Amino acid sequence: MSEHSHYEPQTAIERWLDARLPIVRFSKELLDFPTPKNLNYWWTFGGILAFCLGVQIVTGIVLAMHYDPSAAGAFDSVQHIMRDVNYGWLIRYIHSNGASMFFVAVYIHIFRGIYYGSYKAPRELLWLIGAAIYLTMMATAFFGYVLPWGQMSFWGAKVITSIFGAIPVIGPAIMTWLVGSFTVDAPTLNRFFSLHYLLPFVIAGLVALHIWALHVPGNNNPTGVNVKSKSDTVAFHPYYTVKDGFAVSLFVIMFAIFVFFMPEALGHVDNNIPANPLATPAHIVPEWYLLPYYAILRAIPDKLSGVIALAVAIGCLFALPWLDRSRVRSMRYRPQARIYFAFFVVACLILGYCGAHEPDDQIIPGLAAFNIGDSSINSMAWLSRIAGLYYFAWFLLINPFLGLRETPLPVPDSISTPVLSHPAAAPAGAAAAPEKKG
Amino acid sequence: MADSVAGESAVPHDTPDPSRRNFIHIAAITAAAGGVAAIAWPFIDQWNPSADTLALSSIEYDVSKVPLGQQVTVLYRKQPLFVRHRTPKEIALADAVDISTLRDPATDASRVKPGKSEWLILIGVCTHLGCTPNFDGGDLDNGRYGGWFCPCHGSVYDTSGRIRKGPAPKNLYVPDYQFTGATTIKVG
């Protein structure tokens with residue numbers, strides 16, 4: 001980054017500091033960072049995610065000051081927060097809805113990265129760190145959901161820890177080790193609380209690496225074309241601090257609507273019943289952001305295979321930079337990939353929809369249909385199998401082969417070309433070798 | 001608004017108008033500062049005592065359980081409350097003091113309820129730095145005044161709980177209380 005810096009310490013104090021701890025220079029380089037001038041609003045979700053992490057850490061630290069992580073006291077202490085602590089209801093609703101907002105933002109951020117090919121060389125490691133952040137977020141969210149020690153907390157913890165029980169031979173031993181008792185119990189709650197407090201700081205560290213890995217190649221952009229000259233970029237501040245700030249403001253409005261007007265909309269009423277190890281709630285589902293994986297897990301009527309499918313579903317995300325063989329980054333110039341991508345988004349949404357329903361629920365209510373195998377063709381089980389099949393096919397078949405077969409559109413010579421001229425007036429020859437322009 | 005529209009035609013677009021830009025900056029920063037202040041307050045106020053803590057702020061006690069010349073220490077608002085059944089000698093000692101010589105002047109009568117001067121109700125927290133003074137058994141020698149002695153920094157209180165020696169600035173506090181019956185008090 002130093003080659004971009006024009007920082008000259010002005011005062012004696014700044015010169016003294018610059019020779020010892022160049023923190024002013026560092027901050028200035030971050031603010032002056034040359035950023036492609038054509039980033040659209042999909043790019044503001046990085047800033048929104050940083051905001052979400054900050055909100056979760058601040059509200060979480062405050063909640064931990066009033067929360068009791070003992071199995072005997074946890075549920076009551078959450079009621080104490082909601083009823084007695086000054087503004088406790090507000091802080092807890094910000095935290096519980098904040099988790100959902102965090103996942104809304106991260107899914108948009110991930111889909112944006114996929115659409116514009118932000119994972120392709122030289123940004124593979126940036127993508128891997130991002131996927132690690134996402135995985136850590138899921139773990140953190142799960143640990144957090146256990147803490148109120150209600151029915152959904154308890155049985156959610158039981159199901160997730162039982163996933164490890166599917167591992168052959170050592171599975172049961174691992175499961176016992178994870179929960180520290182015969183089943184999910186007081187020791188489980190204590191260790192999950194500790195990890196729930198630890199992991200956000202792990203995420204913060206990974207975010208620092210993510211931003212570092214971003215600042216080496218610089219931002220991708222909607223064209224996917226590399227920055228070629230200074231005229232392709234603007235300084236991060238004020239151009240993107242203001243744009244991100246505006247996006248965060250809009251995001252906060254949506255966030256506030258949830259917190260103030262429908263704070264329980266994304267939760268489950270059963271979690272207002274204290275944990276009872278003797279009775280499972282009749283309808284148990286994970287939080288909405290884990291539903292697609294839940295649907296994949298349930299789609300396969302075999303314990304070990306279901307768990308393997310679940311692991312592979314997440315693993316595919318990590319492998320994406322090597323699965324996609326296209327040399328054109330942005331799907332703006334890949335009309336076929338765009339269609340497959342749209343179906344991929346739809347498949348993920350369908351999986352989420354299936355995950356929220358019972359496997360035997362009908363897709364079209366009242367429509368009688370024949371059975372294939374164990375379930376009716378008009379059931380969530382088969383819908384999730386079809387959507388799940390497409391999910392895996394998109395990663396493992398479409399991505400590796402589409403890039404070799406498709407004909408991309410002409411890719412512009414530079415970021416400034418499509419900005420300054422009508423797309424129809426793209427320079428002649430741009431179509432000759434589009435794959436070399438990425 | 002009509003003025004700004006009229007001004008717009010007079011000022012060409014390529015001429016910067018610093019006052020308009022400054023207005024937007026100041027308006028945006030003010031709105032953001034207002035938002036930050038509004039959300040900061042709940043995060044500050046959550047450290048104040050919660051409703052269930054404040055709900056435990058008054059107690060009742062039957063003072064007849066305290067024999068003459070004895071003291072019972074009761075938990076009141078998570079702190080010690082001294083309920084002392086004073087002897088006539090202690091009351092006489094407290095009354096005999098010339099209040100102009102005191103650091104925190106107060107008559108003994110002002111620290112008890114009328115006609116109930118044998119009952120001295122005190123918050124058992126030294127006004128210096130918060131330790132709980134010990135009753136020193138009516139000792140009048142060695143620089144004591146027959147009342148309490150704080151082990152932390154050596155503050156000495158008399159039989160009315162008034163500061164007589166040492167670093168404490170104020171007398172031991174008398175809480176808000178009333179007799180709700182012949183021998184029952186309600187504190188707080």
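Quantities reported herein were computed from a predicted structural model and do not represent experimental measurements. Below, chains carry the letters A, B, ... as their sequence lines are ordered, and counting in each starts from 1.
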For the residue pair [X] and [Y], establish whether any side-chain heavy-atom pair is separated by less than 4.5 Å.
{"X": "A:Phe45", "Y": "A:Trp42", "answer": "yes"}
{"X": "B:Leu122", "Y": "B:Val174", "answer": "yes"}
{"X": "A:His268", "Y": "A:Gln151", "answer": "no"}
{"X": "B:Pro169", "Y": "B:Ile163", "answer": "no"}
{"X": "A:Glu14", "Y": "A:Tyr7", "answer": "yes"}

Hey, can you tell me if A:Phe193 and A:Tyr197 have their rings parallel, tilted or perpendicular (30° and 60° cut-offs)?
-> perpendicular
In A:Leu198, A:Leu199, A:Val202, A:Leu195, the residue satisfying side chain to side chain contact (heavy atoms under 4.5 Å, CB included) with A:Thr140 is A:Leu199
Part of A:Ile94 lying under 4.5 Å from any heavy atom of chain B | side chain
Proximal to chain B - members of residues 142-150 of chain A, heavy-atom separation under 4.5 Å | none
For the residue pair A:Asn272 and A:Phe75, what are the closest heavy atoms and their distance?
-> O-CZ, 3.3 Å
Side chain, backbone, both or neither of B:Ile39 within contact of chain A (heavy atoms, under 4.5 Å) | side chain
Pairs table: donor-acceptor atoms between chain A and chain B closer than 3.5 Å:
residue : atom : partner : partner atom : Å
A:His66 : NE2  : B:Gln46 : O            : 3.4
A:His66 : NE2  : B:Gln46 : OE1          : 2.6
A:His80 : ND1  : B:Asp52 : OD2          : 2.9
A:Asp84 : O    : B:Ala51 : N            : 2.9
A:Asn86 : ND2  : B:Asp45 : O            : 3.0
A:Asn86 : ND2  : B:Asn48 : O            : 3.4
A:Asn86 : ND2  : B:Pro49 : O            : 3.3

With a 3.5 Å cut-off and no angle check, do the side chains of A:Lys37 and A:Ser231 form a donor-acceptor pair?
-> no
SG-SG under 2.5 Å, B:Cys131 vs B:Cys150 | no
